[in-house]
Amino acid sequence: EDFKKTGKDDQYLNSIQSIIENPKIKVDLKIKEIIPYLEKQKSGQHSDLNNSLIHIAQDLISIHPDEAKVFALAGDIYYHAGQKDVAIENYSQAIELRPEIWSVWEHLFYLQAETNNETELIKWTTKAKDYYPNQALVYYMSGIGHAKLGNFQEALEELEEATMMIGNNIQLKIDLFALRGTIHYRLNDHKEAIKWLNEALALNPDHLPAISTLAQAMLSNKEDYQAIESIINKGLALDKDYLPLIASKGRYFYVTGQYNEAKDWLVKALDKQGNTDTAMLEILGDTYFQLDQINQALELWQKAVQLNSPNS
């Protein structure tokens with residue numbers, strides 16, 4: 001208690017080890033002691049707590065191996081300690097023990113998406129449909145998994161299901177509509193892409209990914225170029241360093257025949273990207289060609305071909 005009063009958090013956590021290790025003390029009381037320190041860990045300003053909290057999580061799992069809430073707590077601790085793979089293992093175990101705790105599913109889905117664990121994300125969202133057949137987020141996250149794997153038709157089917165049951169969750173609507181628009185753009189269905197991206201922007205006009213993809217879809221569909229420039233400039237006013245919009249501005253200048261301006265923006269985009277985007281290399285090569293700078297054009301086209309070759 002003295003350590004608690006004096007703010008020596010790691011020492012206090014060590015001092016309650018006998019409580020943590022006592023199997024006769026209810027797990028809820030133990031977790032109640034830990035929660036304030038988990039909140040401090042979440043703030044990101046107390047990394048010194050990581051080791052103490054991980055040690056406690058391991059002890060709690062050893063003493064209470066059948067308690068889902070212990071694994072859920074451990075998942076939170078490992079996540080905020082930066083050990084995302086271990087967090088996923090603990091959230092998964094919590095669900096196996098008590099699948100009715102929806103918040104743990106949410107944590108698991110977002111973490112699997114964050115770590116690009118698409119196959120597992122699809123597996124777990126499929127499981128979740130048995131317990132939450134009317135939960136829009138399940139289908140949305142499944143759609144993310146399929147989209148990341150390039151299974152665009154499967155993704156659209158999942159997102160269609162999510163759209164039908166989404167209710168009034170505004171943030172989820174924004175993300176869902178933006179993703180639908182992006183997938184249609186990837187499928188070269190530009191009119192449908194524009195429709196869904198505008199739906200997302202009607203709810204959040206400052207959604208940068210939607211702004212960027214809308215500009216690209218409108219360029220591909222040869223829409224009103226003045227409107228496209230306005231959309232791009234609006235996005236760049238929100239974030240002047242947003243790479244997709246920098247590239248879109250270069251592409252806009254190319255399509256409208258303003259080749260010197262196109263060159264400047266495409267060079268800027270490639271510098272930020274690392275000079276490995278083949279589509280940007282090709283259009284910058286095309287730009288140099290239009291400026292009669294043939295050697296520079298050939299060099300960029302050759303680099304794009306090399307990057308596209310199987311042995312690169």
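What you see is a predicted model; the values in this text were computed from it and never measured.
- Among all heavy-atom pairs drawn from Ile101 and Ala68, the shortest one is CD1-CB, 4.2 Å.
- Side-chain N/O atoms of Lys30 and Asn22 include no donor and acceptor closer than 3.5 Å.
- The salt bridge (charged side-chain N to carboxylate O under 4.0 Å, His left out) check on Lys234 picks up nothing, with sequence neighbours excluded.
- Other residues sharing the hydrophobic cluster of Leu298, ordered by chain and number and joined by side-chain separations under 4.5 Å: Phe289, Ile294, Trp301.
- For Trp265 and Glu261, the side-chain atoms include no donor-acceptor pair closer than 3.5 Å.
- Residues meeting the side-chain hydrogen bond (donor to acceptor under 3.5 Å, both in side chains) test with Glu158, sequence neighbours left out: Lys129, Ser142.
- Judged purely by distance below 3.5 Å, without hydrogens or angles, the side chains of Lys195 and His184 never pair a donor atom with an acceptor atom.
- Annotation: ring-ring contact (aromatic ring centres under 6.0 Å, His included) contacts of Tyr288 (sequence neighbours excluded): none.
- Grouping Ile, Leu, Val, Met, Phe, Trp and Tyr residues whose side-chain heavy atoms lie under 4.5 Å apart, directly or via other members, leaves Tyr185 alone, with no other cluster members.
- A donor and an acceptor atom, one from each side chain of Ser92 and Glu96, are nowhere located under 3.5 Å apart.
- To the nearest 0.5 Å, atom CD of residue Gln293 and atom OG1 of residue Thr287 are 10.0 Å apart.
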Tyr91 vs Phe71, ring pair (Phe, Tyr, Trp, His ring centres under 6.0 Å): CA-CA, chis, key distance, verdict = CA-CA 6 Å; Tyr91 289 140; Phe71 285 95; over 10 Å; no

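- Checked by atom type, the side-chain pair Glu299/Asn295 shows no donor-acceptor distance below 3.5 Å.
- Partners of Lys69 according to the salt bridge (charged side-chain N to carboxylate O under 4.0 Å, His left out) rule, which considers only residues two or more places apart in sequence or in another chain, are Asp28.
- Using a cut-off of 4.0 Å between Lys/Arg side-chain N and Asp/Glu carboxylate O, Arg180 and Glu160 are scored as salt-bridged.
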